[in-house]
Each structure stands twice: as C-alpha cells, then as structure tokens.
Amino acid sequence: MGPAELVQAAAMARRFYLEGKSKIQIAEEFGVSRFKVARVLETALERDLVRIEIRVPAELDAERSDALRARYGLRHAVVVESPADGAVTDHHDPENLGAVAADLLGELVTEGDVLGLAWGRSTINMATALRRLPPCTVVQLTGVYDAGTAERGSVEAVRRAAEVAGGEAHPIYAPMLLPDVATANALRSQTGVARAFEYFDKVTVAAVSIGSWEPGISTVHDMLSEEEREHYASLGAAAEMSAHLFDAEGRRIGRDLGERCITVEADRLRRIPEVVAIAGGRRKAGAIGAVLRSGLVTSLVTDTAAADFLLHETHAGPRPALERADPDEL
C-alpha cells in the first residue's frame with residue numbers, strides 16, 4: 001500500500017471501528033463502492049494497520065468460559081481465575097464467584113421477574129455482593145441451615161436481594177432438614193412456608209449452590225447421621241444441590257431424603273427458565289459435572305480449577321443443559 005492508500009485505509013478504519021459508521025456511509029463519504037470499503041478494511045487487518053484486541057477483566061477466563069458453555073450446552077458459563085492459594089478451594093467456593101454471580105444476575109433478571117435463592121455459602125456471598133437488580137420479587141427456595149454463617153444466612157440473603165431490587169421478600173423460617181416426612185409436611189402447610197411455596201412455580205431466575213458428597217462440602221451431608229451418610233454413599237451419591245442428591249451420571253437418588261426437606265422440588269426446578277449454579281474448586285468439580293448432567297441448571301459460574309476438570313473429564317457424554325433432559329427418563 002502506498003502513502004495515499006495507507007492514509008485512506010486509516011481514515012476508513014477510523015470511521016468504521018472508532019466512529020461506528022457503516023460501510024455504506026463510508027463508501028458515500030469517499031466516493032467508492034461498499035465492496036471497496038470492505039476490501040480496504042480487510043487489507044488493513046492483514047497489513048496490521050488495524051489491530052483488534054478482545055479484552056475482558058483479568059479475573060475472567062473468556063476461552064475456558066466459551067469452551068465450557070459449548071461442551072455442556074449451557075446458556076451462560078462464566079469462569080473466573082482460581083485463587084493463587086489452592087487451599088482456599090479445599091472446602092468452600094472462592095468468594096469471588098459470588099461477586100461475579102451477582103453481576104451475572106444483574107444482567108439476567110428483568111423487571112417483574114421472580115428470583116429464587118437456594119441455601120449455599122456461594123449464594124449468600126452473591127447476595128452480599130449484589131449492587132443492582134431490576135424491581136423483582138425474591139423468594140427463598142430451601143429451608144434454613146445457617147451453621148457457621150451467623151448473620152449472613154439464607155433468610156438474610158433473601159432480604160438483601162429484595163432490598164437491592166426494591167421488591168417483596170418471601171423468606172422461609174423453617175429448617176431445611178426435618179426428622180421425618182410428617183413433620184416436613186406439617187411445616188409446609190404453615191402459612192409463611194406455604195406462601196413461599198406458592199411462588200415456586202412463578203420463579204423465572206434461580207441461583208443455587210452445589211456440594212460434593214464430602215464433609216464440609218455438602219450441607220446435607222453435614223446434617224445427616226453417620227449411618228445415613230453411609231446409606232446414601234452406598235447408593236452412589238456424588239453431588240447435592242438444594243437437598244437433592246445425584247449420582248455421577250446426574251440421576252437423582254435418595255428421593256426419600258427430599259421428602260424430609262423443605263426445598264423446591266426437582267420437577268419445579270427443571271421448569272424454571274434460568275437456573276444459575278454457583279460452585280468452584282477442584283474438590284467440587286466432579287459434583288458440578290454430575291449436576292450439569294442432571295438437566296436442572298442452565299448456567300454456571302465456576303473457577304478455572306473446576307473448569308479444567310470439567311473440560312477434560314472422560315465421563316459419559318454430558319447432557320446439553322438447555323434440553324433440560326432428565327437422565328431418569330432417558
């Protein structure tokens with residue numbers, strides 16, 4: 001390209017990339033065809049006159065995010081850098097997952113939606129990090145298990161989200177796990193709990209956590225007796241989400257446990273248009289894969305440690321999440 005061509009190419013590139021003008025507008029200004037403009041812009045890229053740089057915040061891994069979304073058929077997958085100190089991920093999700101999930105909910109929730117929050121440290125961290133939400137109703141999807149979270153419990157997470165959104169809050173003042181089915185049924189019929197349950201079919205966006213079947217990494221595991229833990233382990237328990245248990249294939253097991261729990265039913269969860277799971281760390285990676293195969297979630301916020309496992313696991317082919325397929329019916 002000679003000097004005149006270089007100057008013209010630079011001017012056209014400036015109009016197109018910086019000023020946002022169309023190729024037709026540029027063609028009219030320079031008195032050439034739009035095909036000529038297209039060729040000049042293509043040549044400008046080839047000759048390194050124009051450099052296109054795609055930049056996202058340093059903590060986000062765009063390449064892994066897109067690969068994870070494609071492999072599991074997710075609507076959204078956001079992968080953040082794992083903490084430099086791997087020990088942070090041994091028992092709990094990295095706290096930065098909550099902040100990223102809060103920003104994602106700010107994008108996904110629209111005015112008039114019903115937002116459902118299930119118990120989990122990651123969802124509590126997310127609620128704490130919320131800075132913006134369109135006006136919406138917020139409902140609690142599971143009973144209470146606030147051990148170790150003090151004032152940052154599940155009820156407070158629902159209140160916090162509703163405060164940010166300027167909408168109604170429907171918390172559940174009941175334990176997540178009850179000693180027997182009769183007690184659970186009695187609690188479900190109480191006015192406050194029943195009112196929250198009435199909103200379950202109206203939920204349009206939900207945020208859930210995932211736990212692997214290990215001490216300290218699964219809420220339900222920690223609430224059960226040793227005998228019960230061994231029983232569900234013998235059934236192949238690999239993951240837990242909202243008090244529902246899954247084997248490595250994503251099939252639900254231990255349905256009797258769900259009957260004793262105050263939680264959104266799996267069938268209702270599957271009908272929610274957008275279910276965002278928030279979970280990370282290498283020790284949760286297998287559990288995350290199991291839940292993705294369950295067809296209950298549509299989007300995932302995770303970290304590079306879990307993403308690397310999920311992208312390279314040789315487990316049976318994952319079910320595309322957007323099909324919402326139930327492995328038990330296949």
Side-chain angles (χ1 to χ4, degrees), residues 75-76 97-147 149-178 184-210 219 241-244 258 261-278 296-299 301 324:
R75 184 173 290 122
H76 304 284
L97 293 188
V100 173
D103 289 340
L104 178 61
L105 279 191
E107 292 183 54
L108 299 180
V109 176
T110 60
E111 184 172 352
D113 275 345
V114 176
L115 171 62
L117 299 182
W119 191 93
R121 293 181 181 89
S122 56
T123 52
I124 291 171
N125 289 336
M126 179 212 66
T128 302
L130 280 172
R131 296 294 177 268
R132 63 182 179 89
L133 273 180
C136 65
T137 299
V138 185
V139 60
Q140 194 168 324
L141 296 178
T142 60
V144 175
Y145 177 69
D146 288 344
T149 60
E151 72 282 357
R152 296 196 309 150
S154 48
V155 170
E156 181 56 33
V158 170
R159 287 176 171 170
R160 164 68 183 164
E163 179 183 355
V164 173
E168 294 182 4
H170 294 277
I172 294 178
Y173 297 97
M176 181 187 294
L177 177 66
L178 282 305
N185 287 336
L187 272 177
R188 291 188 191 102
S189 65
Q190 288 189 358
T191 303
V193 177
R195 185 178 298 116
F197 267 63
E198 289 174 359
Y199 275 90
F200 286 179
D201 287 329
K202 303 175 185 178
V203 174
T204 49
V205 181
V208 300
S209 297
I210 296 173
T219 300
M241 179 181 70
S242 303
H244 300 296
C261 292
I262 302 298
T263 185
V264 59
E265 300 94 325
D267 290 341
R268 278 177 159 174
L269 197 60
R270 197 181 303 278
R271 292 195 295 269
I272 297 174
E274 184 74 78
V275 179
V276 181
I278 311 163
L296 289 174
V297 304
T298 59
S299 298
V301 177
R324 312 307 290 275

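The analysis underlying the following values was restricted to heavy atoms, covering all of them including side chains, and did not include hydrogens, waters or symmetry mates.
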Item checked: From H76, R75, E274, residue fulfilling side-chain hydrogen bond (donor to acceptor under 3.5 Å, both in side chains) relative to S299 -> E274
Checklist line | Separation of R188 CZ from L178 CG (nearest 0.5 Å) | finding: 7.5 Å
Item checked: Side chain proximity check, H244 to L296, heavy atoms < 4.5 angstrom -> no
Checklist line | Euclidean distance, L104 CG relative to M126 CE, rounded to 0.5 Å | finding: 10.0 Å
Check: Looking at CG of D267 and CZ of R270, how far apart are the two atoms once the value is rounded to the nearest 0.5 Å?
Finding: 6.5 Å
Margin query: For I172 versus Q140, what's the shortest heavy-atom pair and its separation?
Written below: N-OE1, 3.0 Å
Check: Partners of R132 by salt bridge (charged side-chain N to carboxylate O under 4.0 Å, His left out), sequence neighbours excluded?
Finding: none
Can you give each donor-acceptor pair under 3.5 Å made by side-chain atoms of residues 193-207, sequence neighbours left out, with the distance rounded to 0.1 Å?
from : atom 1 : to   : atom 2 : distance (Å)
Y199 : OH     : H170 : NE2    : 3.4
D201 : OD1    : R268 : NE     : 3.2
D201 : OD1    : R271 : NH2    : 3.4
D201 : OD2    : R268 : NH2    : 3.4
T204 : OG1    : D113 : OD1    : 3.1
T204 : OG1    : V114 : N      : 3.1
T204 : OG1    : V114 : O      : 3.3

Check: Is a side-chain N or O of T298 found less than 3.5 angstrom from the main chain of V275, in a donor-acceptor match?
Finding: yes
Checklist line | pair L97-N125: side-chain heavy atoms closer than 4.5 Å | finding: no
Check: At what distance, to the nearest 0.5 angstrom, does CZ of R121 lie from CD1 of I278?
Finding: 14.0 Å
Next item on the list: Look up atom CG in L115 and atom CG in L130, then write down how far apart they are to the nearest 0.5 Å.
Entry: 8.0 Å
Next item on the list: With sequence neighbours left out, write down each residue that passes side-chain contact (heavy atoms from CB on, under 4.5 Å) with A118, or none if nothing qualifies.
Entry: L141, T142, V208, S242
Check: Should R160 and T128 count as side-chain neighbours, where that means a heavy-atom distance under 4.5 Å?
Finding: no
Next item on the list: Would you name the heavy atoms of S189 and A186 that are closest together and state the gap between them?
Entry: OG-O, 2.7 Å
Item checked: Heavy-atom pair with the smallest gap, counting every atom of G143 and W119 -> O-CB, 4.2 Å
Check: Which heavy-atom pair separates L133 from A161 by the least distance, and what is that distance?
Finding: CD1-O, 3.8 Å
Check: Is there side-chain contact between P175 and V144, with at least one heavy-atom pair below 4.5 Å?
Finding: no
Checklist line | Heavy-atom closest contact (S209 atom, G120 atom, distance) | finding: OG-CA, 3.3 Å
Notebook entry, point to check: Roughly how far apart are L187 CG and I262 CD1, rounded to 0.5 Å?
Noted result: 5.0 Å
